[in-house]
Amino acid sequence: MKVAHLCMIDRNGAGTAALRVHKALLASGMDSTMFVLNTASRSPDVRLFDNAPSNVRVIPQRNCEIRESLSWPSIAQQWNRVRSQYTRADPALELFTTADSFVAPDNFEALAEADIIMLHWVAGVVNFPDLPQVLRNKPVVWRFSDFSPFTGGCHYSRGCHAFHDKCGLCPQLGSTREQDASRLGWLMKRNAYSQMSITCVAPSKWIQEHAGQSSLLGATDIQHIPNCVPLDIYVPGDAAALKKRLGITPDHKVLLFGAASLKNPRKGFAYILEALEQLHALGEHRFALVSFGATPPDIVEATPYPWRALPHLSSDAAVAEAFSIADGFLLTPEEENFPSVALESLAVGTPVVGFATGGIPEIVQDGISGFLGPTRDVPVLTANIRRLLRLDAGQLAAMRKNCRERAEHYSERLCAHQYAQLFEKTLKKSPARQSASPQGISILSYENIGSWILGKFARLLREHLTGLGLPAEITSDSWRRSLVTHHIPYLGWENADNSLVRTIMITHVDTPEKISMLMRQLAIADMGICMSRDTVNKLIRAGLPAEKLCFVHPAQDGLIRRRKMRLGITSRLYSDARKRESMLVEALSLFDPDIFAVKIMGGGWEDQVRVLRERGVEVEYIPDFDKAAYLGFFENMDYYLYLGMDEGSMGFLDALHAGVKTIVTAQGYHLEARNAPTHGFVSLKELTDILGTIASESNARRGNIDCWTWDRYAKQHVVIWKFILERQNMRLQFNLEKAMRDSSLPFRRAREHYMSGNRNQEVLSACIAALKDSHPEAANHVLRNYLILYPDDIVQYQYYESLDEHCYNFLIQ
């Protein structure tokens, strides 16, 4: 399998994580190549994305040589120009990138040879309007480095939820217009994604949740695969020797922190400085500081602690040494996806102290491999640093061991295995698409697909269409080039779409405004699919076109457990069997144990309870009378049961007072209570007949909607779409006279019933059945023609059942 990775750079946070995934795949034996715009690697498997010699410059460094595209600085200038147009932008805005780029890739051949294209941090690398063509309709796996893939331009949202909708009015840009740079970026990405087969990878469950709520990628498959760390390089080092090299007092503990840029507000360097001030005020002095990244010299000089600012760390080995010096690594970002520095710290056995933000608590176990507190809470951060500093040698050694064990969950081998499985799955489910040729079913959901009602309709419709072998997916883009687009519900659809068949789900049409909206929509849509015949009739009476309305009943999930009929008994038994207790066992033995449950209060029932339980009957037994329990005994009871023939039961009176139905012996004062008992009996046969009637009523209630399944719901939609396609494209050019001649009397009778206004379903079903008995192929042909002749009849269930079971295969062909 060949994999091509696209990333802006192969180092720093996002680039390093991408490079490690690439190297892990290579080590596993996979054919993997990485394309970037800026690289310090000399490996042939890391190449420049636009590698024309005239477009590359080489920059000598002290420990390495950097090759970069000449497009690199121009991209940053483009982003700065866009940002400069927004004078009210949030000063803390870290980065805002555009969706367009002028980078011209010279590696089309290499991309074309790849089986999978894997995107990482690709801002500036690709021009989104051209992305589908650049990737040559390849399956795409997109590993999220930050929020950028599903926002209009920001890389961390800072609490803004506009990416759930369409972006615009961007608070980080200080924008006062909906049609701003964020909306433009959102539109460019939406149009690109509609022509691509994308599977997403979230390194953290935190970013997986946010991506799932986005309008751009929330409907795609989002898998969770953590980043990895090279455990053979990041190993515990000789801390004493490293301290000696840096001139740090041996008995001082060391706190390490750093980032590519400590000036970035999101990284939270200011919280560390504030915590250091609090530690100094509390008298904590016996520790030193070590930092990496661009550390401001004036801050180093102003700090009362020994502080060593390390030079640029150009290799993993140098970074591993830096972590080995430390007794604790301070990590205090305001937002963070799945930081590689946390993995590196744990791998060398260095506990992490910081904020439980983003994906950090998924890596660091509080109290086991470090100490975490609420984001921005400096007093808790200070207290946690003190906890670390006060660990004795044994406690610190145990925590270091925990850190290394935790890091082994993020090995390159495991990461490569997870991606290999994902690639295989992706290749099976995502064949290359031809955007010019419409195919498949797009389910356009205007509600979060994780929601319980309408979102569930979208999810389960897709699931069961896929189960039928149909290429169906949920999307947020109404302009995807599809064979069928189904909008759930009609309220979100504003315009036409780019599909051959357009249907809308109709529900809750309860105002004149909604009627008017539907009228406009049905002028464009091919069919409105309601949930009931009653709704169809009401809409027709309201003036909507009957030929564009049908219904499919909603489906029952089948998740609710069957409710058992609960029988209550409040009798104690005697040695002379006067309560006729054997009747209970004999009667219930005749029924499925899932139908009845029994609750008994009274002594002596141990043998009967044992036998019933052995036969699977649910029995709640209270052998001794308990007044408090008795007062609540009749709650949630369906029937009070009394078997004895000795005048009557006082529990019968209490049951009536509680409003509970009764099954009691027909004798004594049972007979004289007005309108009671509900069911009276004397013999065992009478009792079993009563229980049989109750069981039958329960089964009948369940049977009312047995056929309202999601599988049937999906199949009925397929038949509707097939009918529309055949009507549009005239695929079934038929001669009515020939159809009638082929079908003879049954079809003529059916047609006569329809034309006379007497659409008696039983008569029509009988005609169809008679026809299928003798000429099944002709019957199927007639039924299809009948649906085209009389489109408002496509809602009848028996027509669906009579159709060829494989009539939906046209969507695969």
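Computation of the quantities below employed the complete heavy-atom set of this structure, encompassing side-chain atoms and omitting hydrogens, waters and symmetry-equivalent molecules. This chain uses plain numbering: 1 for the first residue, then up along the sequence.
Salt bridge absent: Glu94 and Lys267 never bring a charged side-chain N and a carboxylate O closer than 4.0 Å. Here Asp316 pairs with Arg20 in a salt bridge; the nearest charged N to carboxylate O distance falls below 4.0 Å. Lys253 has no carboxylate O lying under 4.0 Å from a charged side-chain N of Glu284, or vice versa, which leaves the two without a salt bridge. Between Arg376 and Glu334 a salt bridge is recorded (basic side-chain N to carboxylate O distance below 4.0 Å). Using a 4.0 Å cut-off between charged side-chain N and carboxylate O, Lys205 and Glu209 make no salt bridge.
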Ring pair (Phe, Tyr, Trp, His ring centres under 6.0 Å) between Phe355 and Tyr271, worked out: CA-CA 10 Å; Phe355 295 153; Tyr271 302 115; 5.5 Å; yes
- Task: Test side-chain contact (heavy atoms from CB on, under 4.5 Å) on Thr39 and Met34 and set out the steps.
- Result: CA-CA 10 Å; Thr39 179; Met34 189 171 182; over 6 Å; no
Original post:
Given the rule in the side-chain contact (heavy atoms from CB on, under 4.5 Å) test, do Val3 and His22 qualify, once you have shown the distances and angles that lead to the verdict?
Top reply: CA-CA 9 Å; Val3 182; His22 159 59; over 6 Å; no
Assess whether side-chain contact (heavy atoms from CB on, under 4.5 Å) is satisfied between Glu412 and Leu231, documenting all intermediate values. CA-CA 8 Å; Glu412 292 175 302; Leu231 295 172; over 6 Å; no
* **Met1 and Leu427: CA distance, side-chain angles, deciding distance, side-chain contact (heavy atoms from CB on, under 4.5 Å) verdict** => CA-CA 10 Å; Met1 183 184 301; Leu427 286 172; 3.8 Å; yes
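Counting only distance, with no hydrogens or angles, the side chain of Thr249 and the backbone of Asp251 share no donor-acceptor pair below 3.5 Å. Without hydrogens or angle criteria, Ser43 side chain to Val46 main chain gives no donor-acceptor distance under 3.5 Å. Formation of a donor-acceptor pair under 3.5 Å by the Glu424 side chain with backbone atoms of Gln421 is not found in this model. Formation of a donor-acceptor pair under 3.5 Å by the Arg286 side chain with backbone atoms of His252 is not found in this model. In this structure a side-chain-to-backbone donor-acceptor pair under 3.5 Å is missing from Ser345 to Val341. Using modelled atom types, one side-chain atom of Tyr305 and one backbone atom of His280 make a donor-acceptor pair closer than 3.5 Å.
Cys160 SG to Asp90 CG: the interatomic distance, rounded to the nearest 0.5 Å, is 11.0 Å. To the nearest 0.5 Å, the span separating CD1 on Ile385 from CZ on Phe371 amounts to 11.5 Å. Expressed to the nearest 0.5 Å, how far CD1 of Ile222 lies from OG1 of Thr199 amounts to 10.5 Å. In this structure, CG on Leu246 lies 4.5 Å from CD1 on Ile325, to the nearest 0.5 angstrom. Separating the CZ atom in Phe150 from the OG atom in Ser214 is a distance of 6.0 Å, to the nearest 0.5 Å. Residue Lys189 holds its NZ atom at 8.0 Å from SG of Cys167, rounded to the nearest 0.5 Å.
Using a 3.5 Å distance cut-off with no hydrogens or angles, the side chains of Ser369 and Asn402 do not pair a donor with an acceptor. Side-chain contact, Asn80 with Arg83: no donor N or O sits under 3.5 Å from an acceptor N or O. Side-chain contact, His120 with Ser145: no donor N or O sits under 3.5 Å from an acceptor N or O. Donor-acceptor pairing under 3.5 Å is lacking for the side chains of Trp121 and Ser148.
Listed here is the closest heavy atom pair of Leu310 and Ala322: CD1-CB, 3.7 Å. Residue His224 comes nearest to Ser204 through the heavy atom pair CD2-C, 3.8 Å, listed as atom of the first residue, atom of the second, then distance. In this structure, Pro339 and Leu331 approach most closely via the heavy-atom pair CG-CD2, 4.0 Å. Taking both residues in full, the closest heavy atoms of Val229 and Ala407 are given as CG1-O, 4.4 Å, listed atom of the first, atom of the second, then distance.
The aromatic rings of Phe163 and His161 sit perpendicular to each other, their planes meeting at more than 60°, with 30° as the lower class boundary. Ring-plane geometry between Phe329 and Phe292 is classed as parallel, the angle between the planes falling under 30 degrees on a 0 to 90 degree scale with a further cut at 60.
Inter-residue side-chain proximity for Thr350 and Arg400 is flagged as met; some heavy-atom pair is nearer than 4.5 Å. Here the side chains of Glu336 and Tyr156 are in contact, with some heavy-atom distance below 4.5 Å. Counting heavy atoms from C-beta on, the side chains of Val300 and Leu289 never come closer than 4.5 Å. Counting heavy atoms from C-beta outward, Val21 and Ser32 have side chains that stay 4.5 Å or more apart. Looking at heavy atoms from C-beta onward, Met8 lies out of side-chain contact with Asn38 at the 4.5 angstrom threshold. With a 4.5 Å cut-off on side-chain heavy atoms, Glu335 and Ser157 count as touching. Inter-residue side-chain proximity for Tyr419 and Met30 is flagged as unmet; no heavy-atom pair is nearer than 4.5 Å. The closest side-chain heavy-atom distance from Lys425 to Asp221 is below 4.5 Å.
Taking the six-membered ring for Trp, Tyr410 and Phe338 have ring centres closer than 6.0 Å. No close placement of the Trp186 and Tyr193 rings is indicated, their centers lying 6.0 Å or farther apart.
Leu6 pairs with exactly one of Ile117, Val140, Val36, Leu37 by the side-chain contact (heavy atoms from CB on, under 4.5 Å) rule, that one being Ile117. Each of Thr382, Leu388, Val380 was compared with Asn384 under the side-chain contact (heavy atoms from CB on, under 4.5 Å) criterion, and only Val380 meets it.
The environment of NE2 in His417 is sparse: at most 12 heavy-atom neighbours from other residues, nucleotides or ligands sit within 6.0 Å.
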